[in-house]
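Contents: one structure, followed by commentary.
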Amino acid sequence: MMQTLETDVLVVGGGATGAGCVRDLAMRGIRAVLVEKGDLTHGTTGRYHGLLHSGGRYVTKDPQSATECAHENVVLRRIMPHCLEDTSGFFVITPWDDPDYGDVFVANCRKTGVPVQEIPVAEALRREPALNPRISRVFEVPDAAADSFLATHSNALSAREHGALILTYHSVVDLLREGDRVVGAVVEDLRSGEHRPIRCAFVLNAAGAWAGKIAAMAGVTVTVIPGKGTMVAMNHRMVNTVINRCKLPADGDILVPIRTVAVIGTTDVHVPDPDVYGIEPDEIQFMLDEGEKLVPGFQHYRALRAWAGVRPLYKDQDVASDRDISRTYKLLDHEQRDGVAGLLSIVGGKWTTYRMMAQEAVDEIARKLGNTTPCRTHEELLPVPPTEAPGHQASATPRLMFWMGKPLADVEREHAYGDLICECELVTKARVQAAIDSGAANLDDVRRDVRMGMGPCQGGWCIYRTAALLFEQKQASGLTNANTNAALLHFLQERWKGLTPVLWGDQLRQARLDELIYVGLMGAHRLREHAEQGGGLVTDHPAVATEYVKA
Amino acid sequence: MHYDTIVIGAGLAGLMAALARAERGERVLLLAKGHGTTHWTSGCIDLLDAGDDPLAAIGRLAAEQPEHPYALAGTVALEQGLERLRAACEAAGYPLAGSPGRNVRLPTALGALRPTCLLPATMVAGEARQLADGRPTLIAGFHELRDFFPPLIAANLRDQGLHAEAAYLGLPPVERSHEFGPMIFARLFERTDFRAAIGEQLATLVRRGGYARVGLPAVLGVRRATEVVRDLQARAGALVFEIPTLPTSVPGVRLFQALHDAFLAAGGRVQLGSFVLRGEGAAATLTVIISEAAAREQRHRALRFVLATGGVAGGGLRADHTGVLQETALGLPVRAPGGPSEWFAPRFLDEAGHPIFRAGIAVDDQLRPLDAAGRVAYHNVAVAGSAIAGCDPIREGCLEGVAIATGWKAGLL
Ligand SMILES: Cc1cc2nc3c(=O)[nH]c(=O)nc-3n(C[C@H](O)[C@H](O)[C@H](O)COP(=O)(O)OP(=O)(O)OC[C@H]3O[C@@H](n4cnc5c(N)ncnc54)[C@H](O)[C@@H]3O)c2cc1C
C-alpha cells in the first residue's frame, strides 16, 4: 500500500455535488480531497438533461424543490455565466394536456417563488415557429441550458485554486472504521491499480446514485433508488427556448436546446443497480412521439445519440412507496442517524441545486470542525477552465453567457480553421491538446471536455485525429502506441453504446461510413493484439464500465 | 433522348457496368446523386480478406454460399472486370500492380497492415514484405494535414517488427493559410516548386537516416500521381510510397476519374446531382425512372437499367425509425435480417460485423431483383455492387471485388 494521505474532509464523488462540496470546503480554508472513480461528471452529472431549472416543473408536486430551484437559478446565473445559455423556457399546454392545469400552475409558481408570466400564443409562435400551433396557453419562466461538464470542471478548478486535491480515476473501495467512527477510506488508483489509505476527520459521501454503496462500506444503510432516465439528442435546434409541457411531471415532456442540438427527455424507470441498465427501443419511440406533440415533424429530424442517467432518488426510512420519494435533497449526519460518527451523506436533489446542497453539507462539517468562515460560493464567480480558452488567463476571459455563435467566433478570432480536429463541433487542435494536458485518461474524457465526436459525423474523423494527437503529446511521458490503440478501441466502443438506439436514416448511414473508415480504411480491429491499457490511461476497468444491457 | 441502358449510381459497380455497356456500342446514361464510396476507401482493390490467395478463396466461398454476390457474378466476370479496370488505369497513366491470386498487406494511416489485392503503383514500395527487409522506412507527413499522423503509424509498424521512423515536413510557402485537406495537398503536389521543396527536405532526411523508402500520405497528385511519385523518388534518393489518409480519399478519386474518362471516351453520358425518386413500369418491365435535380422532376426512358446505388453507406438502402429498410431508388423489396433488435452486435468491431449490413436486394444469377416470393421483380433491371443482399463487403474485405464482378456482369448480360 502507498503512503497514507491525510486531510480534513474526504469528498466521495466527482459529480456536481461533490465538486460543489470540495470547492466550498476549500474556500473556507478546510483541507479537502475529492475522489472520483471515473472522470469528473462520470456519473449522473455527465448524463443529465442539461436544464437549469426555473423550478416550474416542481411547483405542484414538490413545492420545496421548486423554491430551491428558483433560488439557485438566480445564483448560478451569477456565478457561472460561461456554463449557461440563457434560452428562457416555455410551459405550453398542448391538446394532450389538461387545460385547467394552467391556472393551477400559475398559482403554484406564485406560491413557490418561481417567476412566471403568461404570454400570448401568437407571440410564443413568433419566437418559436416550429412549435405546435395547436398549443392553447404559454407561460414563460427563466429556464436556461447548462453545460454540466464545464460547470463541474470550473468548480474543481476553483477548489484546486483554493488548495484542494482532486483525484479522478480513484475509486473508494473501503471505508476505514475505528469503533463508532469513520476515520478515512481506502482508494484504488485505477491508473496504477495501487491502493492508498486516506485518513480524515470526515468523509462526505456525495456519490449520488452510488451513495448507498458507499454508506454500506461503513455498515450504514442509505437507500438510494436509481431512477433511470433516457434522453435523445436531435441534430437540430428546432427551438431556441426550453419547452416544457405544462402538466404534472411525466416522461418525454421537456425539450432542451443545447449547443448545436436539442435534447428530448426523459423517462423514469427504477433500476436495481446504477451500473447496469439499458436503453429500450420503445423508450426512444416514446420520446419521438412526445417530441412530435411539441414540434410537429419531430420524428423527421436526425436523432444523433441516446444516453441514460440514473437519478439519485433518496428514500427516507419512513417512506412507504417509491412513488412518494421527494425530489428534494437531504443531508444525513450518520452520527445522529445511525450512531456512526465521521460520515455524512448528501443525497437526492438536482443539478440545479448542487451548490445549495454543498453549502448545507459544508456548513454542518464546518460547525463540527469549529470553522466559522462563512460560505461564499454563491458570491464568487467560477473560473473558466483552460480547455475552453487555451492560452488565455482564466480570469482574463470575458464573462459572457454561452451563445450559439460562440464556437465559430472563437475559431474565427484565433484563425484556427485549418486546425479544426472536429468539424461538427468546431473543436480546435489547441482545445484538444489542452484537454489532453489537463489529465484526460481516455478519449471519452476528451470528448466530455471539448465535445469532440458528438456531432453528426459520430467521430468519423476526429477519433483518429485525437488518438494520434494524444500519442504525440504523451509519448515523451511514457504513453505507448499500444496504450493509444487501446484508447481508440475503447472510445469507438463507448460511442457505439450511445448510437445503437438511434441508428436509422442518416445516422445509420454515418455509422456504416465510420465502419468503412475504421474497419475498411484504417484496419483498427487489426490492432487489437497491439492494444494495452496503460501510460496513464484507463480504458479497461470494471469500476468505470457502464454496462448497457439489451432488453 | 432514348437510352439503351441507364445506370443508376456512380460508384465502382455503376462505373464498371456503364463502361461495359458503352463499349458494346449502347447509348448509356450514368445517373447519380453524387460520388460513390470510392471517395471513402483506400483506392486499392480488395478482393477478399481470406488468406494469401483471394481468387481461390472466392471459389470456395462461392461453393459454400451460392447466394453470395461473388457466386452469382462468377469468377469470369470478376477476372474480366479486373482486366478492364487495369487497362483503364493504365490508360490514365496510373497503373495498378498485383494479381488476383495474391493478397498483399499495406500500412494504413493507423499503422495497421491491411490486406488488399490490386494496388496503385504509387503504393507498391509500402508492401509489408518489402518493409520487412530490415532496412529503415521513414513515414513523413505535415502538421497541416489532419488526416495522417506519422508518429503513430511508425510506432505501430515498429510494434509489428518493421523498422520505421517518423518525421513531419515543413510546409513550403503557399498562398493559402488555412484548411489543408487531402485534395488541396494533392493539387499542391502537382506543382514542381512544391515538390522541389519537399524533395529537398526528404533528401536531407534520407541522407541522415539512411532510409530505403519514404511513406507519405496518399495525396501525391490527382491526375499525375505516378509521375509525382517518380519525381519525388528522384529528388529524395529513396523509394516513395503512399499511405491512404482519412477521406476524402485521393486514390479513390483517381480510380473514379480513370473509369469516368474511359466511359466518356466510349461515348457515355454522365449526369451527377440527380436523385432517382421512383420507377414506373408494367408486367415486370421497368420503362421509366423519375429523378429529381434542383427540385425538378425528370423522366428517363431506357430499355434496360442497372441499379448500383450501394448499400446503407452508399445511400441505396435506408432504414426508417420504425425498422423498415427501403431501397431508395425503385422501391425494390429488401431482404433484411429480422427487426432492429437483431441489427447490431454489441461490439462495434465485432468480428462477424453487424447483421443489418448484410441486408440488400436478393437477385438471381442474372442479377435481376427478386421479390419476397423469389419471383423476378423486373426482367430488365440488373443490380450491382453493395446493393445486393447476402454479403457484408466491408467486413469480408471484398468491397471493390464485389463491385467489379457484379458491375461487369451487369454490363455483359
Ligand atoms: C435523466 C436525468 C435527467 C436529469 N436532468 C436534470 C436537469 O435537466 N436539470 C437538473 O437540474 N437536474 C437533472 N437531473 C438530476 C441531476 O442530474 C442529478 O441530480 C445530479 O447530476 C446529481 O449529481 P451528483 O453529484 O449528486 O451525482 P453524480 O453526478 O452521479 O456523482 C456521483 C459520483 O460518484 C462517483 N462514485 C460512485 N462510486 C464511487 C466510488 N466507489 N468511489 C469514487 N467515486 C464514486 C460516480 O462515478 C459519480 O461520478 C437529471 C437526472 C437524470 C437521471
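All chains are named by letter (A, B, ...) in the order of the sequence lines, taking the proteins before the strands, and each is independently numbered beginning at 1.
Sorted by first and then second residue, the salt bridge (Lys or Arg N to Asp or Glu O under 4.0 Å) pairs with a member in residues 288-297 of chain A read A/R245-A/E290, A/E290-A/K293; sequence neighbours excluded. Listed by first and then second residue, the salt bridge (Lys or Arg N to Asp or Glu O under 4.0 Å) pairs that reach into residues 313-323 of chain B are A/D506-B/R318, sequence neighbours excluded. Screening residues 352-361 of chain B for salt bridge (Lys or Arg N to Asp or Glu O under 4.0 Å), with sequence neighbours left out, gives B/R358-B/E396.
Highest contact tally toward chain A, considering only B/R114, B/H143, B/H321, B/H354, is held by B/H321 [criterion: heavy-atom pairs under 4.5 Å]. Among B/L399, B/N156, B/V312, the residue making the largest number of heavy-atom pairs under 4.5 Å with chain A is B/N156.
Although no hydrogens or angles enter the test, the distance criterion places a donor-acceptor pair under 3.5 Å between the side chain of A/W496 and the main chain of B/A345. Judged by distance alone, the side chain of B/R146 and the main-chain N or O of A/L420 form a donor-acceptor pair under 3.5 Å. Between the A/E515 side chain and the B/R395 main chain, no donor and acceptor come within less than 3.5 Å of each other. In this structure a side-chain-to-backbone donor-acceptor pair under 3.5 Å is present from A/Y464 to B/A109. Using a distance-only test at 3.5 Å, with no hydrogens or angles considered, a donor-acceptor pair links the side chain of A/R509 to the main chain of B/A313.
Counting non-hydrogen atoms of neighbouring residues, nucleotides and ligands closer than 6.0 angstrom, the CZ atom of A/R526 exceeds 12 such neighbours.
Residues of residues 44-52 of chain B having a heavy atom under 4.5 Å from any heavy atom of chain A, listed by number: B/D49.
Taking the six-membered ring where the residue is Trp, the centroids of B/F149 and A/F471 are separated by 6.0 Å or more.
For the pair B/I394 and A/R512, the minimum side-chain heavy-atom distance is below 4.5 Å.
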